[in-house]
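Computed from a predicted structure; not experimentally measured. We count residues from 1, following the sequence as given.
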Amino acid sequence: MSEIVTQDALIARLQALAPGRHLVAIAGAPASGKSGLAKAVVDGLNRDHPDQAAVLPMDGYHYDDQLLDARGHRPRKGAPHTFDVAGLRHMLKRLRANEDPEVAIPLFDRSIEIARAGASVIPQRTSIIVVEGNYLLLDKPPWDSLASLFDLTVALDVPEDVLRERLTQRWIHYQLSPDEITAKLEDNDLPNGRLIREASRAPDLIVRHQ
């Protein structure tokens with residue numbers, strides 16, 4: 001049974017983890033607030049203990065647009081099959097092993113729609129890595145191969161009408177036309193969100209929309 005917690009309770013739960021490196025998954029639909037929650041949690045953990053925590057965004061493992069175009073998948077960018085899941089899995093294993101002084105990680109730059117390799121680093125002294133992304137709990141291959149790599153899993157529960165409004169505002173910000181926004185929402189973003197809700201494993205903890 002998943003436990004419903006607040007953001008502050010989640011931070012307290014992570015502060016109470018045993019010594020050693022821990023990987024924590026924060027999953028949810030597009031525009032559910034994963035990035036914001038992950039940042040708030042990491043900032044909270046680092047307030048008194050700098051470098052205790054870091055974020056690894058799943059979006060750094062987007063396939064490049066050139067590859068998506070070659071495969072005919074560009075219109076579905078952001079769907080489960082448009083990510084390098086094996087690359088993410090190997091990164092999670094490397095981070096769990098914690099054998100290197102630091103590990104360079106990719107970050108997705110939405111302003112140019114490209115993942116930038118080596119855009120940040122996670123030092124060896126960091127004990128809590130918050131991995132955030134849509135499909136981290138998806139119970140379908142190849143995503144289900146990530147399950148054993150997380151010490152704690154968290155899901156955001158946000159109503160679809162709230163997601164629709166947030167997504168609309170997101171694409172307005174990026175200057176898409178009304179028709180482009182409708183296509184983004186109805187053909188990709190919202191169906192992806194429904195898949196996440198219907199086909200993900202139950203998390204350890206749930207953070208609900210307020």
Side-chain angles (χ1 to χ4, degrees), residues 1-7 9-11 13-14 17 22-42 53 55-63 68 73 75-93 95-96 105-106 108 110 115 128-167 170 184-210:
M1 178 73 70
S2 302
E3 178 184 351
I4 299 171
V5 297
T6 63
Q7 176 180 298
L10 173 57
I11 293 172
R13 180 73 63 92
L14 297 181
L17 290 173
H22 301 275
L23 269 60
V24 178
I26 294 182
S32 59
K34 302 175 299 298
S35 299
L37 178 60
K39 183 180 186 304
V41 167
V42 167
V55 177
L56 173 68
M58 182 199 81
D59 280 356
Y61 289 86
H62 265 294
Y63 285 132
L68 294 176
H73 294 165
R76 292 300 315 278
K77 185 174 183 177
H81 60 279
T82 64
F83 291 87
D84 176 17
V85 186
L88 174 60
R89 183 173 66 251
H90 286 292
M91 175 60 79
L92 296 178
K93 289 180 177 179
L95 288 168
R96 283 191 68 88
I105 62 170
F108 186 72
R110 190 172 292 280
I128 298 173
I129 299 173
V130 177
V131 188
E132 62 93 357
N134 297 331
Y135 306 113
L136 301 177
L137 304 185
L138 195 63
D139 200 17
K140 292 177 176 290
W143 292 95
D144 56 354
S145 67
L146 306 181
S148 64
L149 300 173
F150 298 118
D151 301 290
L152 187 72
T153 57
V154 182
L156 285 93
D157 183 13
V158 181
E160 186 169 303
D161 62 330
V162 175
L163 297 175
R164 181 185 292 276
E165 176 59 24
R166 289 179 181 177
L167 287 163
R170 172 187 291 178
K184 280 276 193 184
L185 266 60
E186 303 302 335
D187 298 338
N188 201 39
D189 292 343
L190 294 176
N192 290 340
R194 293 173 193 133
L195 174 67
I196 291 163
R197 180 179 292 274
E198 296 164 4
S200 292
R201 298 184 306 282
D204 298 313
L205 306 174
I206 293 173
V207 175
R208 283 188 168 159
H209 169 72
Q210 299 296 319

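Applying the salt bridge (Lys or Arg N to Asp or Glu O under 4.0 Å) rule to Arg201 yields no partners; only residues at least two apart in sequence or on another chain are considered. His81 is linked by a side chain to side chain contact (heavy atoms under 4.5 Å, CB included) to His73, Arg76, Ala79, counting only residues two or more places apart in sequence or in another chain. In this structure Lys77 satisfies the side-chain hydrogen bond (donor to acceptor under 3.5 Å, both in side chains) test together with Asp65, Glu113, sequence neighbours excluded. His22 meets the ring pair (Phe, Tyr, Trp, His ring centres under 6.0 Å) test with no other residue; sequence neighbours excluded. Every residue two or more places apart in sequence or in another chain that forms a side chain to side chain contact (heavy atoms under 4.5 Å, CB included) with Asp59 is listed here: His62, Phe83, Phe108, Arg110. Under the side-chain hydrogen bond (donor to acceptor under 3.5 Å, both in side chains) criterion, Thr153 pairs with Asp204, not counting sequence neighbours. Residues passing the salt bridge (Lys or Arg N to Asp or Glu O under 4.0 Å) test with Arg89, sequence neighbours excluded: none. Partners of Glu165 according to the side chain to side chain contact (heavy atoms under 4.5 Å, CB included) rule, which considers only residues two or more places apart in sequence or in another chain, are Gln169. By the side chain to side chain contact (heavy atoms under 4.5 Å, CB included) test, Arg166 pairs with Ala31, Val158, Val162, His209, sequence neighbours left out. In terms of the side-chain hydrogen bond (donor to acceptor under 3.5 Å, both in side chains) criterion, residue partners of Glu160 (sequence neighbours excluded) are, by chain and number, Arg194.
The backbone N or O of Lys184 sits nowhere less than 3.5 Å from a side-chain atom of Asn188 that would complete a donor-acceptor pair.
A heavy-atom distance below 4.5 Å is not found between the side chains of Pro30 and Leu163. With contacts defined as side-chain heavy-atom distances shorter than 4.5 Å, the pair Lys39/Val55 does not qualify. At a threshold of 4.5 Å between non-hydrogen side-chain atoms, the residues Leu205 and Leu10 count as touching.
For the atom pair Tyr63 OH and Leu68 CG, the distance stands at 9.0 Å (nearest 0.5 Å). Leu195 contributes atom CG, which lies 7.0 Å from atom OG of Ser200 (distance to the nearest 0.5 angstrom). In this structure, the separation between CE on Met58 and CG on Leu136 is 6.0 Å, given to the nearest 0.5 Å. Between atom CG of residue Asp189 and atom CG of residue Leu167 there is a gap of 4.5 Å, rounded to the nearest 0.5 Å. The OG1 atom of Thr82 sits 6.5 Å away from the OH atom of Tyr135 when rounded to the nearest 0.5 Å. Remark: Leu138 CG to Glu198 CD distance equals 11.0 Å, nearest 0.5 Å.
The stretch residues 25-38 participates, sequence neighbours left out, in no salt bridge (Lys or Arg N to Asp or Glu O under 4.0 Å) pair at all. Judged as a salt bridge (Lys or Arg N to Asp or Glu O under 4.0 Å), the pairs with a partner in residues 129-154 (not counting sequence neighbours) are, in order, Arg96-Asp151.
Heavy atoms only, all atoms of each residue included: Ile196 and Gly28 are closest at CD1-O, 3.7 Å. Across all their heavy atoms, Leu149 and Leu23 have their closest contact at O-CB, 3.6 Å. Closest heavy-atom contact between Ser2 and Ala202: OG-CB, 3.9 Å. The minimum heavy-atom distance linking Ile11 with Ala40 is given by the pair CD1-O, 4.0 Å. Taking all atoms of both residues into account, the shortest heavy-atom contact from Ile105 to Pro57 is CD1-CD, 4.5 Å. Pairing each heavy atom of Ile26 with each of Ala38, the nearest pair is CD1-CA, 4.0 Å.
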Next on the checklist: Please determine whether side chain to side chain contact (heavy atoms under 4.5 Å, CB included) holds for the pair Val130 and Val154, giving the CA-CA distance in whole Å, both sets of side-chain angles, and the decisive distance to 0.1 Å.
Outcome noted: CA-CA 10 Å; Val130 177; Val154 182; over 6 Å; no
